[in-house]
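Each remark here refers to the structure printed beneath this line.
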Amino acid sequence: MGVSAVEDEDDPFEEQREKAENPMRRLFLQYGAEKKVAFVVGVFSSIVARALDLLPPILLGVAVDAIFEAQGAGDREYSLFLVPDAWIPATEQGQLYFTVGIIAFAFFGGAAFHYSRNWGWNAFSQHIQHQIRTDTYDKMQRLNMDFFADKQTGEMMSILSNDVNRLERFLNDGMNSAFRLGVMVVGIAIILLAVNWQLAMITLVIVPLIGVFTYYFIKTIQPKYADVRSSVGKVNSRLENNLGGIQVIKTSNTETFESDRVEDVSQGYFDANWDAISTRIKFFPGLRMLAGVGFVLTFFIGGLMVIGDGVGPFTSDLQAGEFVTFILLSQRFIWPMAQFGQIINMYQRAYASSARIFGLMDEPSRIVEDPDADELVVSDGEVVYDDVSFGYDDTETIVEDVSFEVDGGDTLALVGPTGAGKSTVLKLLLRMYDVDEGSITIDGKDLRDVTIPSLRRQVGYVSQDTFMFYGTVEENISYGTFNSDRESVVEAAKAAEAHEFITNLPEGYDTEVGERGVKLSGGQRQRISIARAILKDPEILILDEATSDVDTETEMLIQRSVDRLTADRTTFSIAHRLSTIKDADKIIVLEDGRIVERGSHDDLIAEDGLYAHLWGVQAGEIDELPDEFIERAQQRDANRIEAGE
Ligand code: ADP
């Protein structure tokens with residue numbers, strides 16, 4: 001039985017899953033309702049198609065008895081259920097034509113209903129799959145950033161692809177089969193009972209046996225499949241990890257060690273798989289034996305009845321034709337029974353998948369837009385933080401009582417050790433998170449009173465690690481602006497000092513970049529990002545360590561483009577290299593989420609505190625920070641490790 005062994009081992013969405021109640025019902029009511037017609041067509045056609053499938057074996061039995069037997073015994077009338085006797089031709093020849101006609105109808109009608117059945121189920125399931133995928137993606141994009149920090153991209157992908165596909169498989173194959181099998185089993189049972197209930201009892205006695213057998217089989221194999229999934233997960237992580245670290249493996253000369261480790265996990269997978277396989281391959285032979293017992297008994301007792309040697313309750317008259325019907329139908333009875341196990345399994349998986357999907361959809365958003373929010377109109381670009389405090393969770397305050405003002409067009413630089421909260425302070429300006437206390441205003445307007453799109457349109461963000469979307473250079477520059485023409489893109493690229501290198505790319509602005517395209521260096525990506533910001537022309541700009549990890553020449557180019565970008569714009573800048581922010585109108589120094597120093601470069605140098613010392617080290621004037629700073633840095637570092645970061 002083809003129970004698939006592929007499912008994710010750990011479930012990082014357990015929390016989401018538990019929140020979703022009755023996911024299958026919701027799936028049908030919320031998404032299925034739009035495709036009621038397709039659903040009804042699918043169900044109806046499934047039933048009719050299967051009923052038509054059952055016609056030929058019945059007719060065969062009836063025809064054998066009526067047409068052929070009648071020549072000898074002459075005591076058997078041609079009659080069919082549901083068909084009035086008046087419709088049945090009187091002559092044997094007529095009856096033959098009639099039978100052939102019905103059989104032909106059963107085949108051709110069957111074909112038509114098979115078609116409409118597949119149309120119905122597919123239309124229904126594809127629609128649901130498509131809607132769910134787009135809705136889930138849409139929802140995912142709007143989730144809080146911390147959701148993405150916690151969950152791996154791979155896990156998100158798994159919901160969007162595996163879970164959605166699994167739902168489709170169940171809706172398409174599982175439900176379709178469930179109806180088909182239901183009709184088969186019930187239909188055949190009714191026919192057998194109608195033809196000869198005594199013999200039917202013999203045929204049907206194996207049904208519960210098959211049910212019990214299948215149930216125990218699934219119970220035995222499921223934990224084995226869980227082992228397979230877990231070991232396949234181990235193999236994948238090991239391979240992924242090793243391929244990622246191939247350089248370290250080579251330079252540490254640990255190829256043999258790593259090969260052994262891979263062999264170990266692969267052996268684990270082999271063993272788990274073999275264990276599952278050795279159980280699985282017993283299923284069909286077992287089923288066959290059970291089916292064989294039923295078949296042999298039916299054949300034996302039915303045969304006795306036909307030749308008139310029956311015993312006990314099995315002495316009723318059984319015609320050869322009826323016997324043929326029995327044999328043909330009982331054959332068709334066994335496999336559907338076995339498939340029910342498979343369907344139950346599919347249902348369980350679909351249930352888990354839809355629970356994960358709806359759990360995700362129900363994930364509350366921390367950022368809620370006020371229904372009465374206005375469009376943000378930036379005139380001066382004055383930004384005020386008033387006593388702002390914030391923590392990602394309830395346990396720790398990351399930003400504490402931060403207050404400052406930046407006049408329109410000015411530049412404010414944030415300085416401080418890693419983890420001091422610089423990025424967090426600026427994420428609050430983009431409203432990636434809401435402040436816990438205090439307020440942030442732009443031109444006197446509280447961020448919580450303006451619409452999020454209007455805010456993000458006017459606050460540009462240039463990060464140190466710019467992501468390139470798969471597409472051309474031009475598309476990457478105009479990303480977010482979209483309606484710009486080539487000319488303005490080139491102009492922006494020139495201002496960002498990117499034009500030169502772009503024209504040197506194989507296809508200039510039409511060169512494909514991103515994961516599958518040409519790889520750009522960090523410095524080149526930064527300039528694309530700056531060009532993007534220049535084109536977007538926001539009133540307020542955030543530069544997050546815009547000049548890290550590049551050589552001095554590139555840094556100079558970037559600095560020049562940044563100067564152009566920041567002129568006349570309110571700018572927030574985070575930089576480790578203090579030389580780049582020396583000319584900022586204001587500098588604030590953060591330590592552990594609090595402002596510890598503020599002022600201009602000259603003020604801070606005069607103050608002789610943390611900034612002055614950092615500056616001294618970077619300018620090469622002093623060799624090392626004073627011990628107290630180093631101790632504090634070590635303490636912070638240790639705390640970070642404790643917090644599991
Ligand atoms: P900086 O930009 O000064 O290096 P950050 O603002 O990035 O500092 O981080 C400040 C603190 O907040 C750090 O301790 C960091 O671990 C924590 N932090 C940052 N992002 C998150 C997040 N999404 N969830 C929880 N904690 C976070």
Side-chain angles (χ1 to χ4, degrees), residues 1-11 13-14 17-18 20 22-25 27 46 50 121 125 158 162-186 188-189 203-233 268-295 330-357:
M1 177 156 103
V3 183
S4 152
V6 195
E7 204 175 75
D8 327 290
E9 138 69 345
D10 305 312
D11 187 354
F13 289 89
E14 210 170 324
R17 206 172 54 169
E18 277 166 10
N22 241 326
M24 290 311 263
R25 219 178 79 197
L27 183 75
S46 285
R50 279 302 138 180
W121 285 115
S125 64
S158 141
N162 293 352
D163 285 324
V164 172
N165 292 347
R166 215 171 283 156
L167 273 193
E168 187 218 353
R169 218 172 309 140
F170 169 71
L171 292 172
N172 215 356
D173 301 340
M175 299 247 305
N176 190 348
S177 308
F179 275 99
R180 197 183 67 213
L181 300 182
V183 173
M184 285 286 270
V185 170
V186 173
I188 291 176
T203 314
L204 296 180
V205 85
I206 52 153
V207 170
L209 291 182
I210 290 182
V212 171
F213 177 70
T214 308
Y215 174 78
Y216 278 107
F217 171 74
I218 289 181
K219 259 188 103 85
T220 320
I221 198 120
Q222 257 171 353
K224 300 190 180 200
Y225 278 143
D227 287 347
V228 172
R229 289 195 294 271
S230 127
S231 55
V232 95
Y269 175 47
F270 177 92
D271 294 340
N273 221 354
W274 190 249
D275 190 27
I277 288 171
S278 44
T279 304
R280 190 175 66 211
I281 56 179
K282 289 180 197 141
F283 180 68
F284 270 122
L287 207 62
R288 230 167 217 289
M289 275 171 35
L290 277 179
V293 169
F295 188 74
S330 60
Q331 280 288 296
R332 289 205 184 182
F333 200 50
I334 310 300
W335 305 117
M337 287 303 303
Q339 281 177 10
F340 271 120
Q342 168 92 336
I343 292 172
I344 291 168
N345 197 325
M346 272 168 132
Y347 174 82
Q348 284 173 339
R349 282 153 178 261
Y351 186 95
S353 288
S354 52
R356 273 153 53 107
I357 289 170

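Computed from a predicted model, the values in this text were never measured in an experiment. All residue numbers refer to positions in the sequence shown, counting from 1.
If you take OG1 on Thr214 and CD1 on Ile218, they are separated by 6.5 Å, rounding to the nearest 0.5 Å. With values rounded to the nearest 0.5 angstrom, Trp274 atom CH2 is found 10.0 Å from Arg280 atom CZ. Annotation: the span from Leu209 atom CG to Leu287 atom CG amounts to 11.0 Å, rounded to 0.5 Å. Atom CG of Asn162 is separated from atom CG of Leu167 by 11.5 Å, given to the nearest 0.5 angstrom. The structure places CD1 of Ile343 at 10.5 Å from CZ of Phe179, a figure rounded to the nearest 0.5 Å. Residue Arg50 holds its CZ atom at 5.0 Å from CE of Met184, rounded to the nearest 0.5 Å.
Smallest separation of non-hydrogen atoms from Thr203 and Ser330: CG2-CB, 3.3 Å. When all heavy atoms are compared, the tightest approach of Ile221 to Ala276 is CD1-O, 3.4 Å.
With sequence neighbours left out, the side chain to side chain contact (heavy atoms under 4.5 Å, CB included) criterion links Asp173 to Arg169, Met346. In this structure, the side chain to side chain contact (heavy atoms under 4.5 Å, CB included) partners of Asn172, at least two apart in sequence or on a different chain, are Trp121, Asn122, Ser125, Gln126, Glu168. Every residue meeting the side chain to side chain contact (heavy atoms under 4.5 Å, CB included) condition with Met24, not counting sequence neighbours, appears here in chain and number order: Leu27, Phe170, Tyr347, Ala350, Tyr351, Ser354. With sequence neighbours excluded, the residues that form a ring-ring contact (aromatic ring centres under 6.0 Å, His included) with Phe213 are Phe283. Under the side chain to side chain contact (heavy atoms under 4.5 Å, CB included) criterion, Thr220 pairs with Lys224, Thr279, sequence neighbours left out.
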### Message
Before you tell me yes or no, could you show the steps for Gln348 and Gln222 under side-chain contact (heavy atoms from CB on, under 4.5 Å), namely the whole-Å CA-CA distance, both residues' side-chain angles and the distance that decides it to 0.1 Å?
### Response
CA-CA 12 Å; Gln348 284 173 339; Gln222 257 171 353; 3.2 Å; yes

